[in-house]
Amino acid sequence: MQLTVNGETYDTTGCAPAQTLLRFLRTRAGLCGTKEGCASGDCGACTVLIARPGEAPRSVNSCITLLGSVAGEHVITVEGLAGSDGPGRHPVQAAMVDCHGSQCGFCTPGFVMSLAGLYAEGGRGDHAIREAISGNLCRCTGYRPILEAGRRMYDYPPAPVVPESGAPAADANHAEALPAGYYRPRHEDALQAILREHPGAWLVAGGTDAVLEITQQYAAPDPIIDVSAVAELCTVEEAGDALRIGAAVPYSTLEHCLAALSPPLVAMLERLGSRQIRNRGTLGGNLAGGSPIADMPPVLLAWDATVEIAGADGRRRDVPVEDFHRGYRDTVLGAGEYVAAVRLPRASLSRPHRIFKLSKRFEDDISTVLLALSLELAGDRVGEARVAYGGMAATPLRAATVEGVLTAATLDDRTIERACSAAAEAFTPIDDVRASAAYRSAMAAALLRRALLELREARDLGIDAVEPLHA
Ligand SMILES: Cc1cc2nc3c(=O)[nH]c(=O)nc-3n(C[C@H](O)[C@H](O)[C@H](O)COP(=O)(O)OP(=O)(O)OC[C@H]3O[C@@H](n4cnc5c(N)ncnc54)[C@H](O)[C@@H]3O)c2cc1C
Ligand code: FES
Ligand code: FES
């Protein structure tokens, strides 16, 4: 296999399928500018850019990116940024120096690469800068000088991010270009054939969850089947009265596709992981992981979504999302089965809804409690109500008692308080490092109160969708 890094081709012969990009860059390519901090996607010290022809480069955490998953793409590390002002300094690097954005310097290459990704998109403004660096931690600067560098990076002579010589390698998704034992099929029929041939293989999409088993538990899976390039799993399309989202569509794409349809979801997605995580993490991986604190399942429950499951034998079945989770980290996926897509009914998307997430760190943190609420409102009465929570039980769940209080009721103060009392008592959550059971129950009620008050106010003002405030 060959890999293109900073415009140069590297031979990756002999690399194991579980080899991470970061390990390769530091130990085989000798590019030690990219740092290892946490090896779990949390600190951003390992940030690099991945460039595809015709697309703006995307920032990723190289510590949890598998080498095989970037075959055929062009990796840009801090050593490869093209300069504009003299000895190879990219405008972001020049701005970081001039704004004193670096002290001990360990985090600096990661911040530079995240800002270089923003620069390549032409993103401007404090919101965009904060969003771009939300997955990068610095223990020295207090962030103000780094934010200032993000503001000033356009003041320098412009520079391209991708070096001129950086044409990506020829179609390296072909089997011969991948590490032995790493499969990255392009179509579902090929995926199914590989699943039949290797029934015990490790399945991976963006790897933002799965690869932590390699970096934290020292797992060495072989073989690995990567679904992230399967064309049928990477599309968003109309499917009758539903929007069909392929399981391998990354969140960054989803944010664009759903921007007009669901501002509340897009606001929540801005807090799902970091920009690096959203550039790789997928809806299918979020569901299949079966976590009770995954952010998307409560939303899919509130929207009455359907999960399309396919098998190695080509058989397909539809499962309502309510029936998808069987228990803690346990789903209905059988041997050889994978999530192909999720269908969102158009009618659900157009209903008033709210999605609120509580977490200890505002961005790049798993939920403590997440509420997704969808209401059918006819005048001052509620028609159907769907209320779903994450973080309250061993699986994401609907709150049947709360829905019972709301359905066919007048949306007045008394109904709202009754619904909140029902929410506080609907579950028996656990105490853990994130929160106490009592806090979770109190927040289940508080988030619901806020959602109902906002939706009632929007209705009274005759507004279809008000921009949600951040939870
Ligand atoms: C720093 C950090 C922050 C995070 N923050 C959040 C957060 O705020 N909210 C949140 O919900 N999650 C968060 N996560 C978890 C993770 O990013 C998400 O769950 C993401 O959606 C996983 O998608 P993926 O494509 O990376 O899955 P992968 O890691 O590739 O796979 C996860 C699991 O799903 C399986 N799988 C993947 N795709 C399929 C498929 N199509 N069919 C069947 N099985 C499949 C894999 O075998 C594996 O068991 C975070 C992770 C990190 C490292
Ligand atoms: S080393 Fe911390 S995010 Fe990769
Ligand atoms: S400059 Fe020291 S960690 Fe950021």
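Both counts, for ligands and for their atoms, begin at 1 and track the order of listing.
Checked against a 3.5 angstrom limit, the closest N/O atoms of Lys357 and ligand 1 fall inside it. The N/O atoms of Asp42, backbone and side chain alike, include none that comes under 3.5 Å of an N/O atom in ligand 1. Note: an N/O pair closer than 3.5 Å links Gly273 and ligand 1 by distance alone.
The contact set between ligand 1 and Gly207, taken as ligand atoms under 4.0 Å from a residue heavy atom, comprises 24 (P), 26 (O), 28 (P), 29 (O), 30 (O).
Closest to atom 45 (C) of ligand 1, if we only count protein heavy atoms, is Ala288 CB, 3.4 Å. Of all protein heavy atoms, the one lying nearest to atom 3 (C) of ligand 1 is Asp364 OD1, 3.4 Å. For atom 47 (O) of ligand 1, the closest non-hydrogen atom of the protein is Leu203 O, 2.6 Å. Nearest protein neighbour of atom 41 (N) of ligand 1, counting heavy atoms only, is Val339 O, 3.0 Å.
Cation-pi geometry between Arg124 and Tyr154 is satisfied (NZ or CZ under 6.0 Å from the ring centre, within 45° of the ring normal). Both tests hold for Arg450 against Phe356: distance to the six-membered ring centre under 6.0 Å, angle to the ring axis within 45°.
Counting only heavy atoms from C-beta outward, the side chains of Tyr182 and Val204 approach each other to under 4.5 Å. Using a 4.5 Å heavy-atom cutoff, the side chains of Arg130 and Tyr143 are not in contact. At a threshold of 4.5 Å between non-hydrogen side-chain atoms, the residues Val339 and Phe324 count as touching. Residues Ser441 and Pro429 form a side-chain contact, since some pair of their non-hydrogen atoms from C-beta on lies under 4.5 Å apart. Looking at Gln19 and Thr12, their side chains never come closer than 4.5 Å, going by heavy atoms from C-beta outward.
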Next on the checklist: Does Ser348 form a side chain to side chain contact (heavy atoms under 4.5 Å, CB included) with Arg386? I'd like the steps, not just the answer.
Outcome noted: CA-CA 10 Å; Ser348 299; Arg386 293 180 72 95; 6.0 Å; no
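With a 4.0 Å cut-off on non-hydrogen atoms, Ile277 touches ligand 1 through its side chain and not its backbone. Using a 4.0 Å cut-off between heavy atoms, Met296 makes no contact with ligand 1 at all. Here Ala210 has heavy atoms under 4.0 Å from ligand 1 in both its backbone and its side chain. Residue Pro250 does not touch ligand 1, judged by heavy-atom distances below 4.0 Å.
Residue Ile245 holds its CD1 atom at 7.0 Å from CE of Met296, rounded to the nearest 0.5 Å. Separation of atoms CG (Asn279) and OG1 (Thr208) is listed at 11.0 Å; rounding is to 0.5 Å. Atom CZ of residue Arg26 and atom OG1 of residue Thr77 lie 11.5 Å apart, to the nearest 0.5 angstrom.
A donor atom on one side chain and an acceptor atom on the other are not found under 3.5 Å apart for Ser134 and Asp364.
Protein atoms of type N, O or S found under 2.8 Å from atom 4 (Fe) of ligand 2 total 2.
Comparing Ile366, Thr208, Asp209 by heavy-atom distance to atom 14 (N) of ligand 1, the nearest is Ile366.
For the pair Tyr251 and ligand 1, a heavy-atom separation below 4.0 Å is found.
The residues Arg275 and Glu255 are annotated as salt-bridged, a charged nitrogen and a carboxylate oxygen being separated by less than 4.0 angstrom.
For atom 2 (Fe) of ligand 3, the set of protein N/O/S atoms nearer than 2.8 Å consists of Cys104 SG, Cys140 SG, ordered by chain and number.
Within 4.0 Å of atom 49 (O) of ligand 1, not a single protein heavy atom is present.
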